[in-house]
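In what follows, a structure is listed as structure tokens, so that the remarks can point back to it.
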Amino acid sequence: MAATSSFRAWLAQRPPAAGAAVMATGILSIGLQSTGYEPLSLAVLAVACLAWLALAVDFVVRLLRERPRWLREAGTPGALTAVAATTVLGTRFSVLGRQRLAEVLLALAAVLWPWLIVRVVRNSRRPMPGAVFLCCVATEGLAVLGASVAEADAVAWLAHTALVFFWLGLALYLFALSRFGLRQVVEGRGDQWVAGGALAISTVAGAKLIAAAQAGPYLWNTDDGDALRATTLGLFTLDLCWYLVLLLAEVARPRLDYDVRRWATVFPLGMTAAAALSVAASLDAPQLRTPGEALLWVAVAAWLAVAAGAVADARGEIRSTAPR
């Protein structure tokens, strides 16, 4: 009982940004499935689901018991990890063929999104850390999941709605960029990588919309399809540029100690790999598959390193709060 109580106390202290751990784990599951590692992908998915459930319970408990704190945290960018993590899991379940569960998660994310996005945008002041790009990530997550379900169920209206969220997400990216403090590139504690991760998930959203148009009913004309393809390729190029800049900044100024925001580094690494694999599949660019697989294993290595740091940090905190 004492150990359980200590764990609950530790979980209650997790910031909203801890949801990035679910995002990072979920996108690795998607990437592993895309590259043929289905058993490993399912094992990683199980971890992501357990983490999502734990954070969801904590989310509800805070809402019911600590409403002032819940409202305060709901205005921070990290709160949007609740939407983004839910859409990542929903996308994985859609790929798994569990469309009803994917639809439920899509509905849940869609209900959370408008209330959270308004509060976060209102509270965004320059300069902001990289977490501000979660405005784009959460919105594009809805586009990705919506397009995935639309492709599986051949639902035209859902694909069109996903397209609206795709363009809205890009507008929010520009908003976030106007608030982002550029010094975070060399000073950030991990979430600066979301600047690139937002472009990566936007790339995946574009690729999913292209796939939905190829597999389902008529969605848009040739000119619109060409514009979507060009935009998707442009986003992927910009994502790779951010990846290189952020990697060079890490080399120039290493930040090796554990921080919960490091999960927001793993997610963009995994999402960039997923972007390469998605573009390879949807835009008939098979030459990108090998680089995508290589980037995926970089993300796996980063996940293992951050997970080790998280476990060590959690053990230390739980021991310090345990009754003596």
Side-chain angles (χ1 to χ4, degrees), residues 13-28 73 75-85 88 116-117 120-121 123-141 169 172-203 235 238-275 295 298-310 312-313:
Q13 296 304 312
R14 294 311 89 200
V22 181
M23 296 160 57
T25 309
I27 195 59
L28 284 190
E73 291 181 339
T76 64
L80 287 167
T81 60
V83 176
V88 170
L116 292 174
I117 198 75
V120 171
V121 169
N123 292 334
S124 296
R125 301 288 185 272
R126 180 171 173 82
M128 292 285 289
V132 71
F133 288 99
L134 285 166
C135 293
C136 171
V137 171
T139 307
E140 294 291 356
L172 286 169
Y173 185 88
L174 295 177
F175 165 79
L177 188 61
S178 72
R179 297 294 190 271
F180 180 53
L182 288 176
R183 290 188 63 84
Q184 288 293 308
V185 172
V186 293
E187 295 177 353
R189 304 303 298 176
D191 57 359
Q192 72 276 13
W193 279 84
V194 186
L199 292 174
I201 194 172
S202 299
T203 301
L235 290 169
L238 291 173
D239 172 36
L240 293 179
C241 290
W242 261 120
Y243 193 111
L244 180 60
V245 169
L246 291 163
L247 182 61
L248 291 174
E250 293 278 5
V251 172
R253 189 171 180 178
R255 287 146 277 178
L256 302 179
D257 54 314
Y258 172 75
D259 189 295
V260 69
R261 288 167 289 185
R262 271 303 179 192
W263 288 113
T265 298
V266 180
F267 171 73
L269 294 176
M271 188 55 77
T272 298
L295 291 172
V298 171
V300 169
W303 188 95
L304 291 172
V306 175
D313 182 72

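Since this is a predicted model, take the numbers as computed values, not measurements.
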**Asked** Does CZ belonging to R183 count more than 12 external heavy atoms closer than 6.0 Å?
**Response**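 No.
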Are side-chain heavy atoms of [X] and [Y] found at a separation under 4.5 Å?
{"X": "W263", "Y": "T81", "result": "no"}
{"X": "M23", "Y": "I201", "result": "no"}
{"X": "L269", "Y": "L295", "result": "no"}
{"X": "Q192", "Y": "R261", "result": "no"}
{"X": "V83", "Y": "I117", "result": "no"}
{"X": "Y243", "Y": "W193", "result": "yes"}

**Request:** Go through the steps to decide whether E250 and R255 satisfy the test side chain to side chain contact (heavy atoms under 4.5 Å, CB included), and finish with yes or no.
**Result:** CA-CA 7 Å; E250 293 278 5; R255 287 146 277 178; 3.8 Å; yes
Heavy atoms only: give me the nearest [X]-[Y] pair and the separation to one decimal.
{"X": "D191", "Y": "Q184", "result": "OD1-OE1, 4.5 Å"}
{"X": "L134", "Y": "P77", "result": "CD1-O, 3.3 Å"}
{"X": "G169", "Y": "C136", "result": "O-SG, 3.4 Å"}
{"X": "A20", "Y": "A264", "result": "CB-N, 3.9 Å"}
{"X": "A299", "Y": "V266", "result": "O-CG1, 4.0 Å"}
{"X": "G19", "Y": "A85", "result": "O-CB, 3.9 Å"}

Side-chain donor or acceptor of [X] paired with backbone N/O of [Y] under 3.5 Å:
{"X": "T272", "Y": "A200", "result": "no"}
{"X": "T25", "Y": "V22", "result": "no"}
{"X": "R126", "Y": "F180", "result": "yes"}
{"X": "Y258", "Y": "A305", "result": "no"}

**Message:** What's the separation between atom CG in N123 and atom CE in M128, rounded to the nearest 0.5 Å?
**Reply:**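 If we round to the nearest 0.5 Å, N123:CG and M128:CE are 8.0 Å apart.
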**Prompt:** Between atom OG1 of T265 and atom CH2 of W303, what is the distance when rounded to the nearest 0.5 Å?
**Reply:**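 These two atoms lie 15.0 Å from each other.
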**side chain to side chain contact (heavy atoms under 4.5 Å, CB included) between L235 and Y173, intermediate numbers included** = CA-CA 11 Å; L235 290 169; Y173 185 88; over 6 Å; no
**Request:** Under the side chain to side chain contact (heavy atoms under 4.5 Å, CB included) rule, what do M271 and T203 come out as? Steps first, then yes or no, please.
**Result:** CA-CA 9 Å; M271 188 55 77; T203 301; over 6 Å; no
**Prompt:** Would S124 and V120 satisfy side chain to side chain contact (heavy atoms under 4.5 Å, CB included), going step by step from the backbone distance to the final call?
**Reply:** CA-CA 6 Å; S124 296; V120 171; 4.2 Å; yes
